[in-house]
Every structure is written in C-alpha cells, then in structure tokens.
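All remarks here apply to the structure that follows.
Values below: all heavy atoms of this structure, side chains included; hydrogens, waters and symmetry mates excluded. So that the names make sense, note that chain A is the first sequence line, chain B the second, and so on, each numbered from 1. Please read these numbers as outputs of a predicted model, since none were measured by experiment.
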Amino acid sequence: MLDVSSLTGDMSDHADDHELRILQGNTGQEGEHHHDEHGEEEPVDTTVREHALDLATVREKLRDKSGKQYWRTLEELAGNPHFDELLHREFPRHASEWDDAVDRRGFLKLMGASLALAGMAGCGMPDEKNIVPYVKQPDGMVLGRPRFYATAMPFVGDAIGVLVESHEGRPTKLEGNPDHPSSMGASSAIVQASILNLYDPDRSQTTRFAGEIQTWSSFLEAAQGLAAAAKSQNGAGFRILSGTIVSPTLGSQIKKLLTLFPEAKWHQWEPASGDGSREGAKLAFGRYVNTVLVPGKANVILSLDSDFLASAPGHIAYAKQFSRRRKLDSPSDTMSRLYVAEPTPTVTGSSADHRLPVRASDIELLARALAGKVGAGPAATLPAETEKWLSTVAQELQNERGASLVVAGEQQPAAVHALAHAINAALGNVGTTLYYTDPVETEPESNLESLRQLCADMGAGKVETLVILGGNPAYNAPHDFDFLEKLKKVHSSVHLSPYFDETSAYCNWHIPESHFLETWSDARAYDGTASIIQPLISPLYYTKSAHDVIAAFSDKPGVAPYDLVRGYWTDAMGHSEAAVEAGWKKWLNDGVIPNTKFPAITMTSKWSASSLPAFQAALAGQIEFIFRPDPAVYDGRFANNGWLQELPKPLTKITWDNAALVSPKYAEKMELEHKVMARGGEHGQVRSRVLDIELNSSKVTAASWTLPGQQEDTIVLPLGYGRTRAGYTGTDKGFNAYVVRTSNALWVATNGKVTSTDEGYSLACTQYHFNMEGRQLLSSASLAEYKKNPGFAHEGVEAPPKDDSLYQEFSYPGYAWGMAIDLNKCNGCSACVVACQSENNIPVVGKDQVMRGREMHWIRVDRYYAHAESKTNDPSTYNPSLDNPETFFQPVPCMQCENAPCEQVCPVGATVHSAEGLNDMVYNRCIGTRYCSNNCPYKVRRFNFLRFQDWETPQLKLMRNPEVTVRSRGVMEKCTYCVQRINNVRIDAEKQNRPIRDGEIVTACESACPSEAIVFGNANDPNSRVAKLKAQQRNYSILSELNARPRTTYLAAVRNTNTDLVKE
Amino acid sequence: MAQIFHRSANYLARFSLLGAAVFAGVALTAVLVVARSPYITNQNVTRDQPIQFSHKHHAGDDGIDCRYCHTAVETSAYAGIPPTKTCMNCHSVLFNNVGYLEPVRESYRTDQSIHWVKVHRLADYVYFNHSIHINKGIGCSSCHGAVNQMPLMFQASPLNMQWCLDCHRNPEKNLRPKDQVFNMDWRAPANQDEIGHRLAVENKIRTTAELTSCSTCHR
Amino acid sequence: MSAPEIPLNSHPLYNPEPEPVLEPGHTYASVTDKISSIVLTRPLGIGWLAGFTLAFSIVMMLFACLAWLITKGVGIWGINIPIGWGFAIVNFVWWIGIGHAGTLISAILYLLNQKWRTSINRFAEAMTLFAVACAGLFPLIHTGRPWMAYYMFPYPSTMGIWPQFRSPLIWDVFAVSTYGTVSLLFWYVGLLPDLATLRDRAKQKWQQYIFGMLSMGWRGSAHHWHRYQSAYLLLAGLATPLVLSVHTVVSFDFSVAIVPGWHTTIFPPYFVAGAIYSGFAMVLTLCIPLRKAYKLEGFITMRHLDTMAKVMLATGEIVAYGYFIEFFMAYYSGNKFDVFLAEQRLHGPYSHFYFALIFCNILTPQLLWFKSVRRNVPLLFVMSLIINTGMWLERFVIVVISLTRDFMPSAWGRYSATFWDYGTFVGTLGLFTMLIFLFVRGLPAIAISEMRELVHQESHGKEGHV
C-alpha cells in the first residue's frame, strides 16, 4: 500500500514523535517538575540579560587555547553567571530535540564548535594536509602499527578482561582477553559497545555546582569542608551510595573513610541485579558466599529462570564452557542437555533442549518440588504437565549426580537460590559443576534494604552529606522510596556520573566520571581474579574516578588513583613494594594478577527447605508483571549508546525502544494486533497497540509486543528506557518501567490493571517474519535424528553440480578464505553484531531509518521459530505452535559466494571476486545503483541511503578504525571477512616469508563470539579448523539450490531432546 | 524573396558538421590528458616547508641512510616522519645556531610539533603499505624517484591508480635485489626482465591476480 | 517528386475505401497552409498558454525535487533494503516503453509502406524523443552518486580499469543512448524539407533565420530529394532493429537477475510488446486532443485512430499472454520461489496493484474488439489513459513486488513511495507535456512534405481505380 504520509519529506515521522510523548507517561511529569526545581535552584538574573554569553563569545575566549590553557580560560569563564545558563541553553536541553540520527549533524556542529572541540584541541587534531610528527616519539611505538593493552571492564559484580587495540594512543576496539577468567578471549555486545561510551560527545565534561561550571580544585575545597563538618560529628549524617563494588582499592578506600567517620554509612544499590543470590546464600549458609558455576563439567543443566549464558557475572565464561559441551564433530559425540524453566524467553531459554514457560512466581514451587524429588526438602505438588516435565528432569539430574547443575535466576527470590544450593548439594554437584568462594564484591548486603534505610534516613533529615558514586537513583530507585523528594532534604549531595543525568540535576555537586579506559583502578572477576585497570588515554574531559572522589573526603585529598592502586596492592602483597614492582609490568601485560583467584570454600547448609513458609501459588489467570534488565541498555546506563540502542534485541528484534512483552494468548484475548506498516514493512516498521498499565499505584503507558514462548499470564516490563536526561541518543526512548516498580514488588508484581488504548505505536523491528516458508535456511534436528541420519541438513535440496555455471571457475592456488558458523553453538547474544560495527566503522542510523529498513549492520542475527505453522506469520493472531516454539538463531554475514550474483550485475565492477575468494567491495568505485543488493539472495548488503556516517564530531573521529574506509553517502557496503585484518596478517606473514597460520586471522565477529560459533580460516588447508568443520556432514549452505556456492556455510543445529518429553 | 543567407552559408553548414565532430574529439582528449597532468596529479610540484629541508644534502651528500629518519619503513605501513628529536641528534651540535634551523630548535624547546606539508598524498581509501614493498624488493626510488638529487622534496610519480596497476600487473620491471632497495642510484640493468622474473620467484611475489585484487589496496 | 515504387493498390493493407487516410479535397497548397500556419501565423491561444504554464510550473517542481535529491541523497525516496529499486526504475521502464511507438510508426511502418502513418509519424517521433529524455533522467539520478555515473562509460581512465561489461546496466547505457541518437537523427532528417518550407513561408526575419539555420540549406532540388529519400530509408532501416533491441535490453535488467519474478525468459518479447502497447496508447492520448485543438481531423482521420486501436488490441493480447506465461512457468517449473511470488501477487500486501493491472491492461482493451468502441473517440481517449496507467502498474508489479518477497524471509520488507518519489514522477510528466507544447507550436506537428506526397498519391490512387 503506497502512502504519502511524509508529505513534509523530512526524515522524521511526526506520528511517532507524537506517540513518543504519550509513551513518557508520568516520567514526563517528573521532567517538568524537575524544570521548576531547577528554576528555583538557579534564578536567572534577567536584568543583565543583554550581557548574556553566547557561543561566539565563548569561542572567542577559547580560541587558540588548548589542553590546560583551555581549561584555565574555562575557570575564568566559570565565574560568569551566564556561562552555565549558556551551557544549559546549548547542550543538555537540546538533547531531546532531535529524534533522528541524520539530523544530529546540526547539534554536533554546535557542540564541536564550542566546548567539545575546544576540549579536543588538547588532544591535537592534525590538519589533513600536514604531517605532524612527534617531537619525542614514545619508545616502542611504531607509527601505523596498533598496540594492544590489557585492562578490565568492571560491570555489576564482575570484571571482564579486555585487550584494547590502540592506534597512536587512541583506543579503537576492545577484544576479549584470553588470559582473563571472565572473558576467555570473548566478549559481549555491551563490552564491545563500551568503547563508544568513551567517545560519546554527550558525556559530562566539567565539574558543576548547582549546574554551574566549577573547577576540580574548588570541589576539593568543598569536599574537605564537608569532611571536616562530618568529622566534627563523627561522620553521623555522612552517607555514601554506590553500586556493587568489585574494586579492592576502592573498597578499602571507602572502608578507610568509614573508619575516619565511624558513624557514617555506606549504602549500595544495583537496580537490575537481584538480591536473591546474596540473600539466598545467606539463607542457606548463614553468610554471604559467591557461587561460581562450571557448566563445562555439567552433563545436565536445569536453569530456574536464569539467563546465565547472557547476563549475570561470568556469563561470557559460562557461555564458552557451555558451548564447548555442545560441540559435535561426529554423530558419536555426546552433548550436554539444558532444561530451562522461565517466564519469558531469554537467550539461555532459546538454546535449551527443553524449555518450559512458567510464571516467575511459580519457579519457587518448581524448585520446592524438585528439592522434594531429589531429597533436599519436603515434596510439593505441581500441576500435571509441569509434574511430568519436572519428574523427567529430576530423574535425569539424579542419573547425572555430580555432573548435573541447577542454576537459580538473578531475579528469583532468596528461597529459590537457597533451594538451588540444597538441590546441588543433594545431587553432589558442589565441587564439580559449581563451587563457592568468598564474595567478590567488597561489601555484600541486601541492596534493597540498604537503599530503603538510606531513603528513610534521608527522609528523617538525618543525612547531611550524600556522596553518590555512579548510578542514577533518581531514575531507577523504587518509586515508593520517593528518592527525589528525600534527596532534597539532604544538605549537600555529590554525584559522580559519566553523564549529567536525572540524578545529577538534583545534586549540588556533579563530578563527571572517567571512563574505565581513562583511569587507573582495579577490579575482581566473578571468580575473584583481580586485574589492574590501566588508562589507555588521558581523560578526554575534566573527568574523575570514584577513587578521586572518595580521596577528596579522606585525610589525603588529591592522591592520584595510580598511587592508591599501587598502595593497595603493596599492602595486599604483604606490604612489599618490591613484590609489586616485580609483578606490576606482568600484571599489566597479562591483564590479571596471578593467584588472586578465590579458593573454593566448603559450605555446610545451616538451613532446611522444610523451614520455608507454605507456598502461595498465584491464582490462575492472574496477570503477573515482571521486571527485567533490557538486553541492550541493561538498567539504563547504556541508554545513550547508539550501538546498543540500534542493536536488535535477541528475541524481539526491536531496536531503539522497549515494549511491554505479552504472550500470544494474552494478545489474542486483549486483541493486541500488530500492524506491518507499508513504510519499511516486515523489515522495519511494525505498529503495535499502546497499553495503559496501572501498577503499584502508579501508571505507565507502553507499547505492547507479542513474544512467542512467553508464559501466558506474564507481562515483561524491560527496564532501562524512558530516560529523560540520558543525552541526545537515549533521551525519550521507550517507556520507563521504574515508574511502576516498588520495593515490595521489585521483580514480580501482581494486581496491575492493563487497559488497551486505541492508539498505536511504531516500533523499529528488524525482523518480523519468523517462519522459513519451507526454505532451506536453518536446518535443525534432534540428537537422535542426527545420529540416525548425520546428513539431515542436505535432505530435500538438490544442489546443482559445481560446474553448472556459464562463467569459468575461479582457481585458488593460495588461500581460500571461508567461514563456518555452528548453529548448534550460537545462542543469539549478538555480540558479533556490535563487534563488527566497532571494527568496521559502521554508522548508527537512528530509529526512523531503521523503520524504513535501512539499518547498516553487516552481520545480522536472524531469529526463526522452527515448526511454527503460522500462515499469517503474525504472532498476535493466536496459533498454538507459538506458545512455546523451538527458537533458533542464525548469524548472517556476507556469504562471499563463489558464483556471486552481486558481482555479475555491478556495472562499474565495484564488487569483484578477489584472488582469495572474497567478494571485495570497493566503496570508492561504487556509484550506488543498488543492483547488487537487489540481486543478493541473502540480503546482506547495506546501502548509505543518506549520509549516515558522522563526519563532524571530533570524538567519533578518534574512535574510528584507521584500517577501514569510512563510507560516505550513496555507496553500498558489506562484510568482507574483515579484509583489513587478513591483509595485515598476510603482509606480516610474507615479510617473515611463511604461510599464514590457522587461527592467526580472527574476524571481529569470531573473536567476540562467547560461544565459539563462528570459525574463520583458509578452506584450502585441509587441516584448518574451518576446513574440518566444512568437512562435517552437518555442514550446509543456505539456499544451495541457487548455486551461488557461499563461502560462509553453517553447521546444522542439533537439540539434545529427551525422548520422554517429546510429545507426539 | 530576398536571400537571407549568402551562398557561403552552405559551406559553413557543412564545415560546422565537421567542426562539431572534431571539437568533440579534441575536448575528450583534453580531458583525458589533463587528468594525467601534474595539474591533477601534483607530480613534480615542490611545496614550501616550514624548514627548507634538503634530501639532496642529507641523503645525497651526507649519505645518511633513508632508515635513519624513516625508521618504520621496513616494519609498518608508514615510513614515518622523524620526530624533532631525530633532527636534534645531529643539530644540537651541527649548525646548532644557524637561523634557518630555529624552527627545529623551537619545536624541541616548546614541545610543539613541526607541521610539515604533505608531499605524497594518497586518497583515504587507498591502503598503501611501505614495509611489504620494501621487503619484496621494490626500491624507494622506484616510486619516490632520485630523492638524493632533490634539494626540495617533490612527488616524482603520478601516484594515480593506473600507475600503481602498471607495476602490480607486472612487477618484474621494478624488482631489484634486496641489497639495492635503498640505493637511490639503482637503474634497471639491460637484462632486467630476466632478473625481474628470477627475483619474483625468489621473493615469492604474489600472482598478478592476487596483486590486482581490489582488496589488496582498497578496504 | 519520387515516391516508393510499389504499386499502392496491390498492397494488402492499402485500402483507400471506405475512408481515406487524408480527407478528400486537400490540395498541396491547402495542406501546406494548414500545417505551417499552426507554427507561423496562428496566435498563441489561451489554451496553449494555460497548458504550457501549468506544465512549466510542474517542471520547476521537478527541478526542486532533483535539487533536494542531490542535496540529501536517494534516501529521500521510499527505497530500502530489500527494495533497492522503486519509482525511479518503474518510471524509467515506463517512459522507455512509451518511447517505442514513435520509431515504430515512422520506421517500421515506413518500411512496410503504411500510408496511414504519414500524418502521425512526426509527433509520434517527437513524443519518442521526449519520452526517451524523461526516461534517460532516471538511471542517472537513481544512483547513489550521480556525479560518478561516468564510471559507466568505457573510457581510458587514470584508474586503469573498465566498466563491468557483464552487467545489463552497461548494456542499457549503450542501448538507450544509441536509440536516443538514432531517433533524433531520424526525426531531424524527416524535418528538413518542412523546415525549409517554414523558412520560405516565414514572415519575420528571425523566423527565417532560425528555420534557415535548421533546414541546413535545403533547396528541394531533385538532387536533394534523392539524397533525402535514401538517407531516410537508411535511417528507417537502422532504427527498426533498435525498436526491438532497446526494450529487450531493458528487460535484461530484470531477466538476467536471479530475483524471483525477474528471472524469466518471457521478458524480452513481452517487454517489447508492452512497450508498443503503451507507446500507441500515448500516441492516442496526445493526438486525440491535438487533432481537436488544431482542427486536424482532416489529416488524423478515424482511420488512424481505428488502426492504432487495432495495434493496441494486438499488442495487448501479447502482453496478456506474457502475464499468463509468468504464472504458468512458475507452477510448471515448480520453482518454490516463483510459485510463492505468484501467490504473493494474488494474495500478498500488493495484490490490489496486481488486480488493477489486470483490469487496465487485459480486461479494458478487450473492448477494442468492437468497431463501435474503436470509433468512439472520447472512449478511446479514456482507454488510452487507462492503458498508460496499466503499463505503469505492470512495471511497479515487476520491480517492487518481486523485491519485497525474494529468498530470505528474514529480510522481507515493504515499499512505500514518499512525496519525493511522486514529485519526481509527476515532474517528468510535466517535462514531457511542456516539450510537447513547445513542439506543436515550434515545428510542424505533421510532416508537410509527406502529406503532399499523400495528396499526390491519393489523387493518383483514385485515377488508378477508375
């Protein structure tokens, strides 16, 4: 259906803007409220308006200033009352005014023209026509050769070791650190995207007091003042609020500070990781312990609503171990079996051999029943079909005593975790498939209670000084705590945060936080292994780390983080400076400190399941709302990260928004239809019903989305969206689920009221069509079938003979690059997508463009529901096969076809076959006829319909990979197996006069993949990993009947199904 | 009715037909010629530098090896422009007070880089790698000309794609023994063809198909 | 004056009775007066001015659209991945198709010695040129980087590489440009004697000059006429194969690709037939108002309309056959992709386009079986419009629907045109109309010399019969 809706012709869809406002629900009110508040804080002196600053003046003052000088000038400016008004006028409030990536230019020109650029001038951007050599070149630096440094990214109770690729001092790419336990060489979408946060132009750049620019020195004075005041009353009224802290140094700093202020308190709040595991351990063992899983050793795993493959500390390592147990070289191989019981589909659930949709609240019942069956507690009765499922599972777990594993989910209550501990103990798994260590975090405590107490104190006016280290409580605290109101009662508040966010706006002091690539620190991984975090670049702006802030209040203000870290480890190493000195270089080089891994401790249960109170099952048909961190932006801290915003979420394939996820049955009941819009269609724009959700005496308006496989009565409210001060990219996207989240129903809420409005909301969904229309795209079988018929992937497809082409065969005397993707291992986590984006300078296009079907990802992850006989292909028209479909993921990069359809139709030869079998894409030759894309059966080509690439923002220029051309408007682009990496390795190999070794070239997607699903190499060499995989019978190529003969082939997925559970 | 055209108009008409054809031809040729001329390629154009650095003096008369300054040429894509430090190695003692070297000393004092003007500029989408050419036996002078004869640096070759391909399509013309790579005065001997082919085998020069794959230079 | 040597009455199609191709009673003088007066003496009518102004303003809008296109990029259109080609290519093929009738009429019918072509060939050719001009615009502007389009031409570049000759788009470049050039020459050569006539009859000096220049010293000597005849015959011979080749090559753009709905061997004949079909429809659309406005019923008689209607009927049936074969082959070959697409055409999101197409191109023309319909001028006019629309829809169905449902269901999408798509399309319609307006007032819309030949032959013909 043609429509002329965009008569204005501009790129933003006004209808959507409208609904976007609707979607804000009462966060919008918060926003306004805040504006009044701000007005009170800083009355604008109208009498001197005519002297008000404008950017021109500022630029005048800042001209020719760079680095330090620049900031000195800024200090003078800071005195000017109009300067912060200017700042506010120029930056933060502009943020929400643009909703379209393509229009970002204007905004960034403004930014670049003023502060950002002047700040950047410190880093010296050479004029393109000039060569600006070093005055004194650093030792060991070879111009043009990237160097790799090991460091670690701290993330909610874990630290992920990374190797940072650095070009002439600019970090450009993160890779996993093979020597680091929680990375094992792999990474995740969030890790890959974190480099973008470093260069985010919206980062807060200066210290502020009451919104006015201040200098760090003035904060130091203020902090000392506050410290003195606190000291006078023994620290009473002094509070610190932080997230989960895994940095030993920071931990000890805070503890030291607390010894100075005996009555001061330290609170912790992580909105998206539950207290269940902590409290569960405490319940079971009477103390906090850290549970480390070893899924690699488990033959049978039962996940009780745990997404251990894609979230929670250690998930990368877990995914690696797990996938190695899913490796099938021949039909004789064995494979572990995964059972998952969960309310809503997750990455883990999708790779399960058997998945059971269960209410979040019924998981505990399941756990109790299981405990009963394995003799870890009293029996419990289950509904019939669940009973059958669970008894089969229980049976199998017992058969595999010592080699089985039961994992409880992060969002599950303490009881479930305690039960899991009991069950694992009863199954003799402790010590083999999991073990216990001392807590990794410095000070484990119930976050919820901790925050509750803080708010109580604040309300009671007991809090004089509040120091918030990171985090954004004003946005993500349970709304019944009324954090904001109480914050106003605090005399002086300090907020350390990378952005001037919702919380910063209400704190007296705002300290811009350094990125982990900008500062010295340290962090412990999920198993206790410690790493030194070293800075890869000096702070781009006037930012500080938590170490600096805590130090500012200590008796030694202004100590450099480096000295603090060195100091801590000197103490830790038995106060021997020599020991540290000896190890230091190696620690930095390896990215881990040897022998810091926590030893396993044996725990004895101080608790019996029988002590649990009687279980109240939820009433049948009662709607249950559950809160989950968003797979992309997590708890909202990555809301301003364009790569993550544009990353299609593994299961929904929605970008740029969150949506209230409902089950197909519920959708049918409420008539929540999806409408595929003409603009963009299945590959872009789907319009869904807007829901009014009243919950916990609050209200939010959210777009609905029907998710096959979701438990019938469950509605998922993903956290992390609806930010009002996230920055340009993240502000006013999606809806804010925190608004309806209260302390008594942190993860599961009932008694909500859902009314379906007649409004629609357009979601940017990159893959709506979920069934394969009987085509040979993704072939799968059960392990039994595979053993019976190893070549099942080739059934029913007649691949034409190799020579069935008019064009002559290519010959490959040298290398023939190829890729094999094991669908048995891929769990859809999408780390590869972001890794590729980072490696290949792929632009972000914005929601409007994604809705037009123009996203630029070179590798996409297709999601299919096998055996879903849906004619309409619309999940919102009910069909039983969607209640719990078998879900499969298929990463699709360019296939590098042997008989490439694209090559034959390009009029100018911009895409040509290379001598090593790649389909080279020559951007500078392309004139943009798009014929190649039309003729590409796999639709892996991406086109720069507009000028998507950002050429202005200086920060982003620093981030780009110098090895890859930055594509301009009007040219086609696509995956070329990271040809820049191939070339560099080949050149080195040739210089050393040797062939390239297998595994020496690693593509970005391959190196990022936590489950080792992607393997790249030389298909000509029969001993290469890729050649071996391609030799397997499971190996097949998509749409082989077309005789395009792709170089990228797939290994069919095999599910280790339990015959007892296969229903006829 | 009066004649509006003189008889000669007929000849004019015929001539104009011819003229049009000729003009078209000339115009096209002109375009093709200009595209290859220094006007476009910047070949042989010397540029003003902050310091009138003479390669002739340093590389030619003093016989300083290229690699003394261009240290990365054998290991990296970029040959590398020397840091001020390298200049000062000598010029802290030699000519350490002559006026025209003041910019060098100033740079060293103030820690501000010298802004040299680029002479050899390839398009951003061309990924040239010095080290592999050096290692395969392509001499500096093959592309940069007799630098040791240049008081002021200029671009000796057109540096357009045609020129690159000429060599990538048959490298034998320019291959030289590895010990001759940095010899500015090397000239192709009479039996270059035969030598070139021998070196191509010895140095494992990749096939023309490989050398002319687009991704060899563009990515 | 010399005429082709075939005895007219022996020709099967030659049938002066019951009605002539030229209203009886015309003399050399009357013919010349009537036609040349339109150019020379007739004052600018209000109708012409109004029409021209409208067309001109639409052309201005076209320029606005193009300016915006160059500033922002093709992203202002509705195209996306997977639908990489939208209105631009649809319009291109449509216009090229329209451009067929002219040369067909003037060249092929000339060789077949169809007398009735005489009075319509001149502006049919003009129409061809203008249509090709509009068509030629699209392949250029639809590229992402139009300023780089010269990469498509084989010239010795400093890059040392050539275009990729396996690509149908390159074949297009040659096919279309050759066709354009030959049509232009053919048209201009045909104009020479008339330009001379105008030169001689022009009153104002400037007119004399201009027409004098253009007529390149034509004096109408027997010598000139002899050269003229052979040159015209030669060009006709040259143009004839091109009529068939152009659209065959255009159809290769699709049939060479592997996209279901494109990859089929029926395309060349069915595209050519379709082209002639739409071409004649457009000729009717133009000449019916023209003959009315300038009282040319005498020259463009019912006989012409009737014959053109018959041609449309014939080509229409061929096109219908093409549609049928597409379906037949889909099921006969059993290719699951083609079958799926065939069903999509009937049931998919764009089915209404397909049914509209069937109505316009297959059902409507069936009326032409009836003489009464063929003779009903207003009805004929309406039908010609319907068929033009239908042929545009056909191209839309082929280009867009095929791309929305190709091989990878995960990548399926939809297409919806934006304001700029429509703007550009309407803009070219404006450009076309404007050129036609200029043409009818600036040059003899009917070949005077050939009409005079006709006068001559008509009279002889009658004598021959007596």
Side-chain angles (χ1 to χ4, degrees), chain A residues 1-4 6-9 11 102 676-684 767 769 771-775 777 849 852-854 860 862-864 892 901 904-909 912 925-931 933-935 937-939 941-947 969-972 1039 1042, chain C residues 68 72-85 139 142-146 148-149 151-152 159 161-164 166-170 172-173 253 256-259 262 336-337 340 349-350 352-353 403-404 406-423:
Chain A
M1 176 74 207
L2 294 175
D3 80 272
V4 274
S6 73
L7 272 164
T8 62
M11 304 308 296
V102 181
V676 180
M677 301 303 280
R679 169 152 308 143
E682 293 85 348
H683 174 227
Q767 187 206 348
H769 199 106
N771 78 29
M772 285 177 260
E773 304 294 347
R775 302 176 178 193
L777 304 172
Q849 290 298 305
R852 290 164 192 261
R854 299 170 179 179
R860 64 174 194 264
D862 288 346
R863 182 255 305 111
Y864 292 111
V892 185
Q904 290 149 21
V905 296
C906 175
V908 293
V912 253
R925 176 73 177 173
C926 177
I927 61 172
T929 65
R930 303 179 298 287
Y931 201 174
S933 170
N934 290 345
N935 212 31
Y938 308 98
K939 288 290 171 283
R941 294 179 154 265
R942 296 288 176 254
F943 187 68
N944 292 274
F945 287 92
L946 298 161
R947 208 185 75 182
R969 171 191 128 194
V971 303
M972 192 61 71
L1039 300 167
L1042 298 179
Chain C
W68 187 240
K72 290 286 280 188
V74 287
I76 65 171
W77 292 342
I79 47 175
N80 58 22
I81 306 288
I83 300 96
W85 287 352
H142 101 288
T143 61
R145 304 198 296 171
M148 293 295 186
Y151 283 176
M152 293 223 249
M159 291 171 284
I161 51 175
W162 299 93
Q164 209 272 104
R166 289 185 300 173
S167 167
L169 289 189
I170 290 294
D172 258 2
V173 172
D253 290 348
V256 164
I258 65 172
V259 179
W262 288 10
K336 56 175 175 274
F337 305 113
F340 187 88
Y350 293 92
H352 47 289
F353 279 84
L403 286 172
T404 55
D406 65 348
F407 298 99
M408 281 288 244
S410 59
W412 287 350
R414 288 187 202 176
Y415 172 84
S416 85
T418 63
F419 166 76
W420 304 103
D421 286 297
Y422 288 103

Test your reading of the model: is there a side-chain donor-acceptor pair from [X] to the backbone of [Y], 3.5 Å cut-off?
X: Arg930(A); Y: Gly84(C); value: yes
X: Gln904(A); Y: Arg166(C); value: no
X: Asn934(A); Y: Val259(C); value: no

Per-residue contact mode, [X] against chain C (heavy atom under 4.5 angstrom):
X: Pro901(A); value: side chain
X: Ser933(A); value: side chain
X: Val892(A); value: side chain

Of the non-hydrogen atoms in [X] and [Y], which two are nearest, and what is the gap between them?
X: Lys72(C); Y: Leu946(A); value: O-CD2, 3.4 Å
X: Arg679(A); Y: Ala417(C); value: NH2-O, 3.6 Å
X: Lys939(A); Y: Pro82(C); value: CE-CB, 3.4 Å
X: Trp85(C); Y: Thr929(A); value: NE1-O, 2.7 Å

With chain C as the partner, which of Pro907(A), Pro937(A), Gly681(A), Gly909(A) has the greatest number of non-hydrogen pairs under 4.5 Å?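 The option with the most such pairs is Pro907(A).
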Quick one: of Glu682(A), Gln767(A), His683(A), who has the most non-hydrogen atom pairs under 4.5 Å with chain C?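 Going by pairs under 4.5 Å, I would pick Glu682(A).
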With heavy-atom distances below 4.5 Å as the criterion, would you say the side chains of [X] and [Y] are in contact?
X: Val908(A); Y: Met152(C); value: yes
X: Leu777(A); Y: Pro409(C); value: yes
X: Ile258(C); Y: Asn935(A); value: yes
X: Ile79(C); Y: Phe943(A); value: no

Look up atom CD1 in Ile161(C) and atom CZ in Arg925(A), then write down how far apart they are to the nearest 0.5 Å.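 Reported value, rounded in 0.5 Å steps: 4.0 Å.
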Let me confirm one number: the OH-CD1 distance from Tyr151(C) to Ile927(A), rounded to the nearest 0.5 Å.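 One finds 9.5 Å between OH of Tyr151(C) and CD1 of Ile927(A).
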Students often mix this up, so state it plainly: with edges at 30° and 60°, are the rings of Trp412(C) and His769(A) parallel, tilted or perpendicular?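 It falls in the perpendicular class, over 60°.
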So which of Asp421(C), Leu403(C), Ile83(C) has the biggest tally of heavy-atom pairs under 4.5 Å with chain A?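 Option with the top pair count is Leu403(C).
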Just so I understand: if I count every heavy-atom pair under 4.5 Å between each of Val173(C), Asp172(C), Leu169(C), Val256(C) and chain A, which residue has the most?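 Highest number of pairs under 4.5 Å: Leu169(C).
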How about Ser167(C) and Tyr931(A): does a side-chain donor come under 3.5 Å of a side-chain acceptor?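 Result is no, nothing qualifies.
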Side chain, backbone, both or neither: which part of Ile81(C) has an atom under 4.5 Å from a heavy atom of chain A?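 Ile81(C) touches chain A through backbone and side-chain heavy atoms alike.
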Is Trp262(C) in contact with chain A via its backbone, its side chain, both, or neither, using a 4.5 Å heavy-atom distance?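 Only the side chain of Trp262(C) comes within 4.5 Å of chain A.
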Among all residues two or more places apart in sequence or in another chain, which pass the salt bridge (Lys or Arg N to Asp or Glu O under 4.0 Å) test with Arg860(A)?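 For Arg860(A), the residues satisfying salt bridge (Lys or Arg N to Asp or Glu O under 4.0 Å) (neighbours in sequence not counted) are Asp862(A).
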Results of salt bridge (Lys or Arg N to Asp or Glu O under 4.0 Å) for Asp253(C) - residues two or more places apart only: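 So Asp253(C) forms no salt bridge (Lys or Arg N to Asp or Glu O under 4.0 Å) with any residue.
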Given side chain to side chain contact (heavy atoms under 4.5 Å, CB included), test Arg852(A) with Thr418(C) step by step and report yes or no. CA-CA 11 Å; Arg852(A) 290 164 192 261; Thr418(C) 63; 4.2 Å; yes
Validate the cation-pi geometry between Arg775(A) and Phe337(C): distance from NZ or CZ to the six-membered ring centre under 6.0 Å, angle to the ring axis within 45°.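 Not flagged: Arg775(A) not positioned over aromatic ring of Phe337(C).
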